[in-house]
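Everything below concerns the one structure shown next.
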Amino acid sequence: MKSDFIKEMCNLIYENNFISNELYDELDVKRGLRNKNGTGVLVGLTKIGSVQGYSVQEGKKIPEKGRLYYRGFLIEDILKEFGEERFFSFEKTMFLLLFGKIPTNFELKMFNSTLKEYRTLPDEFIENFILRQPSKDIMNQLQRTVLCLYSIDSNPDDTSLENLINQALHLIAKFPSLLVYSYHAVNHKHFNQSFIIHNPIEEYSIAQNILHMLRPDSSFTDSEAEILDLILLIHAEHGGGNNSTFTSHVVSSTGTDTYSSVSASIGSLKGPLHGGANSMVSNMIEDIKKNCNYTDETFLKEYIRKIFMGEVFDKSGKIYGMGHAVYTISDPRAVILKKKAYELAKEKGQLEEFELFINVEKLTKEVGKELKGENFEICANVDLYSGFVYKLLNIPKNIFTPLFALARIASWNAHRIEQITSDRRIIRPAYKAVDANGKLLT
């Protein structure tokens, strides 16, 4: 039987691919490009963004309050700077990431005018590449449609700076339609939902157009558009070392085209250990509500302990939405979004569910210290609250991660441009070969 053969082959793979932990330690292999103290291995330089959550003293990580910089500006200062801009803060942020400065009113007007000009997708592209045979997974669908944009670009392989900027602006402008049309196509094909397409409105911001195109009646409130604009802003950049952005650097270093690079970054972000974590938070919360008296902190704490121990939910031992590779004491994005989540929950009468998220954050910290010692630090990351806010905005769960991708389009392109203009060497780390007996080949 074919299934028996596949199982046999699985056993062969396990047998012939196992490498002992001792050999990794002996050769000081930086697994996950991490040092032994958990810090990232330095592999590049960037002017675009910076993530800081600890200092290193005598080789030890010292936890610190999290800080996130876009082009040298703290995220909190960017929010103050853009505070009076109700709907276009995300557009200002993308300009900052791409070009290294806060735009003047004239520069922002020209930037938005260019995006409006580039926004339209040809009818035949929508018909041939989005509506026909859509994937069940929207992130997979987005990868495919981005790759297909290559076919309508008259100069797709040109890596001159002018062309890279032009391609970046085309992708930023078209991505909201790619996302929402893919969502509707997937739902119509695989889930028998009505198929409705609304064209983007010229004067709308990206956040406004997403809500306009997504909803059957195209209606949304100003406060909903403002909050979505904020979510896109705080997801827009996260340094050069996060997996999907590092993917942009790696793939771009080969000299390949923009569409291949962005598609690869989308594939990276799809993973449940990266951008897909926001959907896993929602799944975990639903599991808690189903299997635990979550309004009683004693029962909730015990259930969180079981998740931590890998006994329930997906048995991974992960509390999704808690913990981060860099942030230790706090994730500034989560701090910002937590305040907005409270305001929105209060407005929509969902404070009881908001309280559940607050308690998950608090009790996970308590359980972590009980299981791993008083020095154990874990903080809520942005994923804990982003899914909840999306839910309050009536945004379907299967586009949580695609919206994350939309937020990162400008950043991925900024890092791609930085890689091509600053470091033209192909990224090529070393691997040591091991023989069939698990011994190092010399």
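Keep in mind that what you see is a predicted model, and the values were worked out from it rather than measured. Throughout, numbering of the chain's residues begins at 1 and tracks the sequence.
- The main-chain N or O of Pro156 is found under 3.5 Å from a side-chain atom of Gln167 such that the two form a donor-acceptor pair.
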Evaluate side chain to side chain contact (heavy atoms under 4.5 Å, CB included) for Ile172 paired with Tyr118, printing each intermediate quantity in order.
-> CA-CA 9 Å; Ile172 291 166; Tyr118 288 177; over 6 Å; no
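- For Lys189, the NZ atom sits in a loose shell: 12 or fewer heavy atoms of surrounding residues, nucleotides or ligands are nearer than 6.0 Å.
- Counting only N and O atoms by type, the side chains of Tyr69 and Gln52 include no donor and acceptor under 3.5 Å apart.
- Residue Lys101 qualifies as enclosed at atom NZ: its count of foreign heavy atoms under 6.0 Å is above 12.
- Taken from NZ in Lys136 to CG in Asn187, the straight-line distance is 12.5 Å, to the nearest 0.5 Å.
- Residues forming a salt bridge (charged side-chain N to carboxylate O under 4.0 Å, His left out) with Glu370 (at least two apart in sequence, or on another chain): Lys301, Arg305.
- Between the side chains of Tyr320 and Asp314, at least one donor N or O lies within less than 3.5 Å of an accepting N or O.
- Counting only N and O atoms by type, the side chains of Thr254 and Thr256 include no donor and acceptor under 3.5 Å apart.
- The distance from the CD1 atom of Ile231 to the CD1 atom of Ile210 is 10.0 Å, given to the nearest 0.5 Å.
- When all heavy atoms are compared, the tightest approach of Asn209 to Pro200 is OD1-CA, 3.3 Å.
- Within a 6.0 Å sphere centred on CZ of Phe220, other residues, nucleotides and ligands contribute more than 12 heavy atoms.
- Residue Asn105 places its CG atom among 12 or fewer non-hydrogen atoms of other residues, nucleotides or ligands, all under 6.0 Å distant.
- Looking only at atom types and distance, the side chain of Glu64 has a donor-acceptor partner in the side chain of Ser55 under 3.5 Å away.
- For Lys348, the salt bridge (charged side-chain N to carboxylate O under 4.0 Å, His left out) partners are Glu224, not counting sequence neighbours.
- Residues Tyr303 and Asn293 bring no donor and acceptor atom of their side chains to less than 3.5 Å of each other.
- Taking the charged nitrogens against the carboxylate oxygens, Lys289 and Asp287 have no contact shorter than 4.0 Å, which rules out a salt bridge.
- For the residue pair Ser248 and Gln419, no side-chain donor N or O sits within less than 3.5 Å of a side-chain acceptor on the partner.
- Taking the six-membered ring for Trp and thresholds of 30 and 60 degrees, Phe388 and Phe357 have ring planes inclined between 30 and 60 degrees apart.
- For Lys92 and Glu81, the salt-bridge test fails: no basic side-chain N is under 4.0 Å from an acidic carboxylate O.
- In this structure, the side chain of Ser253 engages the main chain of Val250 through a donor-acceptor pair within 3.5 Å.
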Could you give me the CA-CA distance, side-chain angles and deciding distance for Arg408 and Ser265, then say whether side chain to side chain contact (heavy atoms under 4.5 Å, CB included) is met?
-> CA-CA 9 Å; Arg408 286 283 168 89; Ser265 292; over 6 Å; no
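- The environment of Lys339 atom NZ is sparse: at most 12 non-hydrogen atoms of other residues, nucleotides or ligands sit within 6.0 angstrom.
- Partners of Asp257 by side chain to side chain donor-acceptor pair (under 3.5 Å), not counting sequence neighbours, listed by chain and number: Ser260.
- Trp412 and Ser261 form no side-chain donor-acceptor contact under 3.5 Å, judged by distance and modelled atom types alone.
- Side-chain atoms of His274 do not come within 3.5 Å of backbone N or O of Asn242 as any donor-acceptor pair.
- The closest donor-acceptor contact from the side chain of Glu91 to the backbone of Ile206 lies under 3.5 Å.
- The aromatic rings of Phe404 and His235 stand perpendicular to each other, their planes meeting at an angle above 60°, with 30° marking the opposite boundary.
- Applying the salt bridge (charged side-chain N to carboxylate O under 4.0 Å, His left out) criterion to Lys340, with sequence neighbours excluded, gives Glu343.
- Aromatic pair Phe111/Phe88: ring centres not closer than 6.0 Å.
- Shortest non-hydrogen contact noted between Ser411 and Ala236 is CB-O, 2.9 Å.
- Judged by distance alone, with hydrogens and angles left aside, the side-chain atoms of His249 form no donor-acceptor pair with the main-chain N or O of Gly240 at under 3.5 Å.
- One finds the CZ atom of Phe313 at 11.5 Å from the NZ atom of Lys318 (value rounded to the nearest 0.5 Å).
- The two residues Ala341 and Val389 come nearest to each other via the heavy atoms CB-CG2, 3.7 Å.
- Although no hydrogens or angles enter the test, the distance criterion places a donor-acceptor pair under 3.5 Å between the side chain of Lys369 and the main chain of Phe376.
- Between His212 and His198, the two ring planes are tilted [angle within 30° to 60°].
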Carefully, step by step, assess Thr258 and Arg416 under the rule side-chain hydrogen bond (donor to acceptor under 3.5 Å, both in side chains).
-> CA-CA 8 Å; Thr258 293; Arg416 169 174 167 77; 3.0 Å; yes
Chi angles and distances behind the side chain to side chain contact (heavy atoms under 4.5 Å, CB included) call for Ile319, Val367 | CA-CA 11 Å; Ile319 310 292; Val367 171; over 6 Å; no
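- Applying the salt bridge (charged side-chain N to carboxylate O under 4.0 Å, His left out) rule to Arg71 yields no partners; only residues at least two apart in sequence or on another chain are considered.
- For the pair Asn163 (side chain) and Asp158 (backbone), a donor-acceptor distance under 3.5 Å is present.
- The nearest pair of heavy atoms linking Ile196 to Pro216 is CD1-CB, 4.0 Å.
- A donor atom on one side chain and an acceptor atom on the other are found under 3.5 Å apart for His415 and Glu237.
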Take Tyr294 and Glu355 through the test side-chain hydrogen bond (donor to acceptor under 3.5 Å, both in side chains) and record every step on the way to the result.
-> CA-CA 10 Å; Tyr294 64 91; Glu355 191 71 21; over 6 Å; no
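- Glu203 CD: more than 12 foreign heavy atoms inside a 6.0 Å radius.
- A donor-acceptor pair under 3.5 Å is absent between the side-chain atoms of Asn35 and the main chain of Lys30, judged by distance alone.
- Listed by chain and number, the residues in a side chain to side chain contact (heavy atoms under 4.5 Å, CB included) with Asn21 are Arg31 (sequence neighbours excluded).
- Shown here is Lys365, whose NZ atom has more than 12 heavy atoms of other residues, nucleotides or ligands within 6.0 Å.
- Salt bridge Asp423/Arg425: present, at least one basic N to carboxylate O contact under 4.0 Å.
- Few gaps surround CG on Asp217; more than 12 heavy atoms of other groups in view lie less than 6.0 Å from it.
- Between the side chain of Ser182 and the backbone N or O of Gln141 there is no donor-acceptor pair closer than 3.5 Å.
- For the atom pair Ile48 CD1 and Thr245 OG1, the distance stands at 8.5 Å (nearest 0.5 Å).
- When ring centroids are compared, Tyr327 and His238 come within the 6.0 Å threshold.
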Under the salt bridge (Lys or Arg N to Asp or Glu O under 4.0 Å) criterion, do Glu366 and Lys362 qualify, and how do the steps go?
-> CA-CA 7 Å; Glu366 291 180 11; Lys362 179 182 76 173; 5.0 Å; no
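- Side chain of Asp229 to main chain of Ser89: a donor-acceptor pair is present (N/O by atom type, distance under 3.5 Å, no hydrogens or angles).
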